[in-house]
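Only one structure is covered here, and it is reproduced in the block below.
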Amino acid sequence: MKVSEYITKLIPYVPGKPIEETQRQYGINEVYKLASNENPLGPSPLALEAIKKNLHLLNLYPDGSCFHLKQKFAEHYKFDADQIIFGNGSDEICDFLVKVYCEPGDKILTSHRAFDTYRLSAQSARCDTTLVPQTADLKFDLEKFKDHWTPKHKLIFLTNPNNPTGTYNTKSEMDDFLSFFGNRDDVIVIIDEAYFEFVRAKDYPDSHEYVRKFSNVLSLRTMSKVYGLAGLRLGALFAHAEITGLINRVRKPFNINSLMQAAAVAALDDQDFVQKTQNLTWQGLDYFYAEFKKMGINYVPSQGNFLLFDTKQDSLKIYEGLLKKGIILRPVRNYDLPTYLRMSVGLEHENQKAIAAIKEVLK
Ligand SMILES: *Cc1c(COP(=O)(O)O)cnc(C)c1O
């Protein structure tokens, strides 16, 4: 049967290489994965406790309305419960948005080197993606979005800070952008803040303020990064109630499992764990910056829990060399960065091992 080219030409997302596969392939035991921006401290301990307490309820369907979780998020983030909607990871929310707002033939607009999930969601729904060129320092060029937007572009995806670059847009850049795109009824602006909790820049804007101010601005957060719950999957969307009402129509009733619901309620209360993760991340980044400076390696200052650096040669060779030493980093050729690697911040000894291995392989 003939299948749409949108599907046959779809290149699936390539996740970071798993630890076990690397152990098998290279015959080594000691393997460190700094490839997927996961939390090296594990899951929040309070979340783990909540999961254990709820294990005996696995025979029951989860609460389709996520009542307690929604109440918790509403209280924590100061929104009404009907302004919040959950997805099985924020990637599922991207699918919802394309389903609700795009007909085949419509398009989405984002930046070159933006996180790839948006394009994959669009393409699965037979929609094209327009990529706005980045600035020379690998930032989203928000000024240029106006030149590339057409009425066919129903959704604009911004990632702040962005993965894989770690760069961010300032409050004044975002204010300017929204003075043009905000409060319109012909386009939706989604601001993906998966790394919100890791940002140290003083001029970084909180998208929740924009959601309150503009009817067409949506904010996306995740439990996968600072809360350490990537394996259970939860993304949260904050938006005006008319918008969450539309999304609820395409959401399957049991998309958030019961363990995740219990874990997320507990994790939001675990702000000690958030602080611990932040401190570990910031110390790790500062360590990487200092080591790369000593080695004369160019890197992109990061507001995330990862760092992009330039090997100045085919990065796949360096990637392979590091794998043999038990260090898994992430090549970013698919983002047109053929000489760069992305490295997540790990535990202190993992960071040291990674730096030592990079030194040897680059020698
Ligand atoms: C990791 C990440 C997410 C989180 O995705 P989930 O589906 O919630 O795990 C979202 N956006 C960006 C840019 C990310 O890097």
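Note that the structure is predicted; figures quoted are calculated from it, not measured.
- When side chains are defined from C-beta on, Val345 does not count as touching Leu307, because their heavy atoms never get closer than 4.5 Å.
- Phe198 and Tyr204 are not part of a single hydrophobic cluster, where members link through side-chain heavy atoms under 4.5 Å apart.
- When all heavy atoms of Leu142 and Glu173 are compared, the pair lying nearest together is CD1-O, 3.8 Å.
- Between the side chains of Gln25 and Lys17, at least one donor N or O lies within less than 3.5 Å of an accepting N or O.
- Ser302 OG to Tyr195 OH: the interatomic distance, rounded to the nearest 0.5 Å, is 9.0 Å.
- The pair Glu103-Arg126 does not meet the salt-bridge criterion, since no charged nitrogen lies less than 4.0 angstrom from a carboxylate oxygen.
- In this structure, Arg184 forms a cation-pi arrangement with Phe180, its terminal cationic atom sitting closer than 6.0 Å to the ring centre and no more than 45° off the ring axis.
- Seen from the ring of Phe196, Arg221 counts as a face-on cation partner, given the 6.0 Å and 45° thresholds.
- Geometrically, Arg212 engages Phe79 in a cation-pi contact, judged by NZ or CZ lying under 6.0 Å from the ring centre and within 45° of the ring axis.
- The local environment of CG in Asn59 is crowded, with over 12 non-hydrogen atoms from other residues, nucleotides or ligands closer than 6.0 Å.
- Side chain of Asn257 to main chain of Met260: a donor-acceptor pair is present (N/O by atom type, distance under 3.5 Å, no hydrogens or angles).
- In this structure, Ile191 is not a member of the same hydrophobic cluster as Val98, with clusters built from ILVMFWY side-chain heavy atoms closer than 4.5 Å.
- Look at Asp286 and Arg200 and you find a salt bridge, because one of the NZ, NE, NH1 or NH2 atoms lies within 4.0 Å of a carboxylate O, short of that distance.
- For the residue pair Ala241 and Thr244, the shortest heavy atom distance occurs at O-OG1, 3.0 Å.
- Side chain of Asn39 to main chain of Leu41: a donor-acceptor pair is present (N/O by atom type, distance under 3.5 Å, no hydrogens or angles).
- The same ILVMFWY cluster, assembled from side-chain heavy atoms under 4.5 Å apart, contains both Ile51 and Met223.
- Remark: aromatic rings of His349 and Tyr32 are close, center separation under 6.0 Å.
- In this structure, Glu350 contributes its side chain and Leu34 its backbone to no donor-acceptor pair below 3.5 Å.
- Side-chain contact between Gln71 and Val265 is absent, with no heavy-atom pair separated by less than 4.5 Å.
- In terms of hydrophobic clustering, with Ile, Leu, Val, Met, Phe, Trp and Tyr side chains grouped at heavy-atom distances under 4.5 Å, Phe292 and Tyr319 are assigned to a common cluster.
- Of the charged side-chain nitrogens involved, at least one lies within less than 4.0 Å of a carboxylate oxygen, so that Asp116 and Arg119 count as a salt-bridged pair.
- Remark: Lys146 NZ is packed, more than 12 non-hydrogen atoms of other residues, nucleotides or ligands lying under 6.0 Å away.
- No donor-acceptor pair under 3.5 Å is formed between the side chain of Asp128 and the backbone N or O of Lys107.
- Counting only heavy atoms from C-beta outward, the side chains of Leu246 and Asn248 never approach each other to under 4.5 Å.
- Nearest heavy atom pair, residue Ile247 against residue Leu237, reads CD1-CD2, 3.4 Å.
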Under the salt bridge (charged side-chain N to carboxylate O under 4.0 Å, His left out) criterion, do Glu21 and Arg24 qualify, and how do the steps go?
CA-CA 5 Å; Glu21 188 182 312; Arg24 242 182 296 126; 5.8 Å; no
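- Nearest heavy atom pair, residue Phe306 against residue Asn162, reads CZ-O, 3.3 Å.
- The nearest pair of heavy atoms linking Phe86 to Phe96 is O-CE1, 4.0 Å.
- For the atom pair CD of Gln303 and OG1 of Thr165, the computed distance is 10.5 Å after rounding to the nearest 0.5 Å.
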Is there a side-chain contact (heavy atoms from CB on, under 4.5 Å) between Asp141 and Gln134 once you walk through the steps?
CA-CA 5 Å; Asp141 197 340; Gln134 285 201 310; 5.9 Å; no
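- Closest heavy-atom contact between Phe157 and Tyr118: CD2-CD2, 3.4 Å.
- Panel note: side chain Glu38, backbone Gly228; no donor-acceptor pair is recorded below 3.5 Å.
- Under the 4.5 Å side-chain heavy-atom criterion for Ile, Leu, Val, Met, Phe, Trp and Tyr, Leu158 and Leu178 are members of the same hydrophobic cluster.
- To the nearest 0.5 Å, atom CD of residue Glu92 and atom CD1 of residue Ile85 are 10.0 Å apart.
- By the 6.0 Å contact criterion, CG on Leu55 is enclosed, its count of non-hydrogen atoms from other residues, nucleotides or ligands being greater than 12.
- Put simply, the side chain of Ile358 reaches to within 4.5 Å of the side chain of Met343, judged on heavy atoms.
- The closest donor-acceptor contact from the side chain of His240 to the backbone of Asn216 lies at 3.5 Å or more, if one exists at all.
- A donor-acceptor pair under 3.5 Å links the side-chain atoms of Ser44 to the main chain of Ala47, judged by distance alone.
- Remark: Ser219 OG to Tyr77 OH distance equals 9.0 Å, nearest 0.5 Å.
- Enclosure of atom CD in Glu348 is not indicated, since only 12 or fewer non-hydrogen atoms of other residues, nucleotides or ligands lie within 6.0 angstrom.
- With hydrogens and angles ignored, the 3.5 Å screen pairs no side-chain donor or acceptor of His148 with any backbone N or O of Phe145.
- Relative orientation of the His208 and Phe238 rings is tilted, given thresholds of 30° and 60° on the angle between their planes.
- A salt bridge does not link Lys171 to Asp203: none of the charged side-chain nitrogens sits closer than 4.0 Å to a carboxylate oxygen.
- Two residues are said to be in side-chain contact when any heavy atoms from C-beta on lie closer than 4.5 Å; Asn160 and Met174 meet this criterion.
- Between the side chain of Ser111 and the backbone N or O of Arg113, no donor-acceptor pair lies under 3.5 Å.
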Going through the checks in order, is the side-chain contact (heavy atoms from CB on, under 4.5 Å) test met by Leu48 and Leu46?
CA-CA 5 Å; Leu48 270 186; Leu46 293 190; over 6 Å; no
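- Applying the 6.0 Å contact sphere to CD of Gln271 captures more than 12 heavy atoms from other residues, nucleotides or ligands.
- In this structure, the ring of Tyr299 has its center no less than 6.0 angstrom from the ring center of Phe288.
- Of the possible donor and acceptor atoms, one in the side chain of Ser4 sits under 3.5 Å from a partner among the backbone N and O of Tyr6.
- The neighbour count for His68 NE2, taken as heavy atoms of other residues, nucleotides or ligands under 6.0 Å away, does not exceed 12.
- Here the CD1-OG distance, from Ile318 to Ser315, works out to 8.0 Å after rounding to the nearest 0.5 Å.
- Separation of atoms CD1 (Ile108) and CG (Leu97) is listed at 10.0 Å; rounding is to 0.5 Å.
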Pair Asp269-Lys72, salt bridge (charged side-chain N to carboxylate O under 4.0 Å, His left out): steps then yes or no:
CA-CA 9 Å; Asp269 277 335; Lys72 187 81 208 174; 2.8 Å; yes
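- Considering Thr159, Asp206, Val199 as possible partners of Glu193, the one that fulfils the side chain to side chain contact (heavy atoms under 4.5 Å, CB included) test is Asp206.
- Counting heavy atoms from C-beta outward, Asn163 and Tyr335 have side chains that stay 4.5 Å or more apart.
- Residues Lys353 and Lys325 fail the side-chain proximity criterion, which asks for heavy atoms closer than 4.5 Å.
- Pro331 pairs with exactly one of Asp314, Thr311, Leu316 by the side chain to side chain contact (heavy atoms under 4.5 Å, CB included) rule, that one being Leu316.
- At a threshold of 4.5 Å between non-hydrogen side-chain atoms, the residues Asp270 and Val274 do not count as touching.
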